[in-house]
Amino acid sequence: MIIKIWKFFWNLLGDIRLTLYLLLSAVLLFITGSFYVKFNFPLFNGLNETRFQDWVIKNFADNIGIAWWMPLLIIVLSLLGINTFICSFDRMRALLPKKKDEPVSRFMYKLAPSIIHYLFLVIILGHCITFTMGSWTRFPLAENAVIEYGDIKLNVLEINREYFPGNIRMGDRISQINVLMKDDAGKTLDVSYRSRAEYKGYDLQLDMEKKPVPQPQQILPENKKENCDKAPVFQILKPENLDERNLQLLIISDPGLYVIIAGFTLILIVMTLYYIMQGVKKFN
Amino acid sequence: MQIEKELIMFTTGNNIYLYATVVLYAAVLVLFLFKQRAAFYILLPAFILHLLFVAGRAWLGGMFLPNPITEGPYFMPLCVGFIALLMGYKKDPAYGYILILAVLFSSFSIAYAKGILPPTPNKITLWVPAFFFTENIAHACFYCGAVYALISLFKKDVLFHDFLIWGFVFYSIAQVVGAVWCYNGWGNTFRWSERHMMSAAIWLFYAAYIHLRFMINWDQKRKAYFDLAGAVIVLASSFSYYIKELMFPRIGG
């Protein structure tokens, strides 16, 4: 009896038609969610730097009218994961007995879609780990500032800004910022944009504060002497210390990152080999 | 500066190459309706002009930056032109219809804001052009697939499946590359933002298309309508970003 019930749910949850319904449901929920996120950015932006369960506990009950789609999305994606696993398992179970009857290349070609599906599950698992176990903490950066977080204590020694050459259109814009820091043991860390540092199991990255930057102002000079040229002469003032206002250090702990990267890399390799073999098969 | 003036002429700061491209694409489209092979020989110079225009955008900031080359409103029409060229080379009888897209999207480029979006430090990385390169090729494949899907509703022997498969492959690569860029730039591989969520929606939509081959009651006609719906989602999503980015300050335009 239990085995019959198990088989019933196994076949139900592994049905290819369910795959289609779940995929389309996920599409609708992501599209719906994207509109809510667009018009409630400050609320949902918190999800990017907070554990998912912490955000839900803090925000969901008070914003259920805006966030109603989230539990549905989680359920749909969970069912999709189960469906993917069952479909792939059933296919592998059907293929493995035939391994001896076919050339290795042909067998691997048939097996590749199942491997791709399992790797997709690995990527989803990595994202789940990130969403539920990751941490992101920001500190404003300035020279001589001290960053203290958990067992991290860093002194900011120098902030060096590199600019594009002044004689081109990109001139005077920041091309890179290098931040030199030192811990109590004398170890130095160099963090810059696009080049993060690893320290005590954390990733250290630079980021900018997300708020509008005052635009250069145009003013009339005072006490301008009368002359025959009545056109006013404007001066452009740049806000002082514009660059220092926005720089932040982002301290990240993301245990799911390497799971995701591994999944992505392997899925691309397997997909590439699959489509090459498909091309060779068509050619032959 | 003299060097900058020469670069501007090469890059056609007055966008003459783009205007000529649109005219030539339109001419090829008209000629295609009467003489397919003759049209192909005009398509090649049209594409080369288009390529020169798009490649020249790299110097609009006064120095070489790859980011402006792959900016969607300009690069995606180039991808469509490339697909038309490829299909013409393969003597596909329906390749000319892709040029309807090339003319429309290139015309949008003419109307679009000129100049480049000056990249912030976290966007001065090869992951950025790699992401937009693969994403725009994917979008072009989806659009071309939609054109062929529309034709297949009237002509039985026109197949659109390969466009969508290649589009899905490139889009998957874009998601991987984009995730690496996102982490390096902002500390997450996926962000709860409109952009990322629409990307996920599009990826899942075409993943659903791939699984339609296992559905007995999904014939070619139903798949064509499915494909058209996907193209509408991609179009609405990507062009809403293009219009939003019209408001961003630009240089070199």
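Order of the sequence lines sets the chain letters (A, B, ...), proteins ahead of strands, with each chain counted from 1. Since this is a predicted model, take the numbers as computed values, not measurements.
Using a 4.5 Å cut-off between heavy atoms, Trp166(B) makes no contact with chain A at all. Contacts between Ile252(A) and chain B at a heavy-atom distance below 4.5 Å involve the side chain alone, from C-beta outward. Both the backbone and the side chain of Phe30(A) have a heavy atom closer than 4.5 Å to some heavy atom of chain B. Only the side chain of Leu257(A) comes within contact range of chain B, with at least one heavy atom under 4.5 Å from a heavy atom of that chain. In this structure, no portion of Phe35(A) lies under 4.5 Å from any heavy atom of chain B. Proximity to chain A is limited to the side chain of Phe226(B), based on heavy atoms less than 4.5 angstrom apart. Contact annotation for Leu65(B): only side-chain heavy atoms (C-beta onward) come within less than 4.5 Å of a heavy atom of chain A. If you measure heavy-atom distances from Phe120(A) to chain B, the contacts under 4.5 Å come from the side chain alone. Residue Asn48(A) touches chain B through both its backbone and its side chain, counting heavy-atom pairs closer than 4.5 Å. Looking at Trp181(B), there are no atoms closer than 4.5 Å to chain A (heavy atoms on both sides), in backbone or side chain. Contact annotation for Leu47(A): both backbone and side-chain heavy atoms come within less than 4.5 Å of a heavy atom of chain B. Residue Leu73(A) touches chain B through its side chain alone, counting heavy-atom pairs closer than 4.5 Å. Interface remark: Val27(A) contributes backbone and side-chain atoms alike to the contact with chain B (heavy atom separation under 4.5 Å).
Other residues, nucleotides and ligands contribute more than 12 heavy atoms inside 6.0 Å of the OH atom of Tyr112(B). Within a 6.0 Å radius of CZ in Phe82(B), no more than 12 heavy atoms belonging to other residues, nucleotides or ligands are found. Other residues, nucleotides and ligands contribute at most 12 non-hydrogen atoms within 6.0 Å of the CZ atom of Arg17(A). A 6.0 Å sphere centred on CG of Leu153(B) holds more than 12 heavy atoms belonging to other residues, nucleotides or ligands.
Taking chain B as the reference chain and counting heavy-atom pairs below 4.5 Å, the highest number among Thr130(A), Asp203(A), Thr265(A) is found for Asp203(A). Interface summary for chain B: among Ile31(A), Leu206(A), Asp254(A), Leu29(A), the most heavy-atom pairs under 4.5 angstrom belong to Ile31(A). Each of Ile260(A), Ile123(A), Leu24(A) has some count of heavy-atom pairs under 4.5 Å with chain B, and the biggest count is that of Leu24(A). When each of Pro121(B), Ser237(B), Ala201(B), Ala208(B) is scored by its heavy-atom pairs under 4.5 Å with chain A, the top score falls to Pro121(B). In terms of non-hydrogen atom pairs under 4.5 Å with chain A, the most contact-rich of Ile124(B), Asn122(B), Ile165(B) is Ile124(B). Of all the listed residues (Tyr275(A), Phe44(A), Trp136(A)), the one sharing the greatest number of non-hydrogen pairs under 4.5 Å with chain B is Trp136(A). Of the listed residues (His196(B), Arg195(B), Met63(B)), the greatest number of heavy-atom pairs within a distance under 4.5 Å of chain A belongs to Met63(B). Ranked by heavy-atom pairs under 4.5 Å with chain B, the list Phe164(A), Tyr36(A), Tyr193(A) is led by Tyr193(A).
Here the straight-line distance linking atom CZ of Phe41(A) with atom CD of Glu194(B) works out to 10.5 Å at 0.5 Å rounding. For the atom pair Leu77(A) CG and Leu204(B) CG, the distance stands at 7.0 Å (nearest 0.5 Å). From Arg191(B), atom CZ reaches atom CG of Asn45(A) across 5.5 Å, with rounding to the nearest 0.5 Å. With rounding to the nearest 0.5 angstrom, the CG atom of Leu28(A) is 9.5 Å from the CZ atom of Phe205(B). Trp186(B) CH2 to Met208(A) CE: the interatomic distance, rounded to the nearest 0.5 Å, is 10.0 Å.
Side-chain atoms of Arg196(A) do not come within 3.5 Å of backbone N or O of Asn184(B) as any donor-acceptor pair. The main-chain N or O of Tyr183(B) is found under 3.5 Å from a side-chain atom of Gln205(A) such that the two form a donor-acceptor pair.
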task: For side chain to side chain contact (heavy atoms under 4.5 Å, CB included), just list the numbers for Phe264(A) and Val180(B), CA-CA rounded to whole Å, side-chain angles, deciding distance to a tenth of an Å, and then say yes or no.
output: CA-CA 10 Å; Phe264(A) 275 152; Val180(B) 174; 5.8 Å; no
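Using a 30° and 60° split on the angle between ring planes, Trp192(B) and Trp69(A) fall in the tilted class, from 30° to 60°.
Closest of all the heavy-atom pairs between Met215(B) and Ile16(A) is CE-O, 3.1 Å.
Along residues 128-136 of chain B, no residue comes nearer than 4.5 angstrom to chain A, judged on non-hydrogen atoms.
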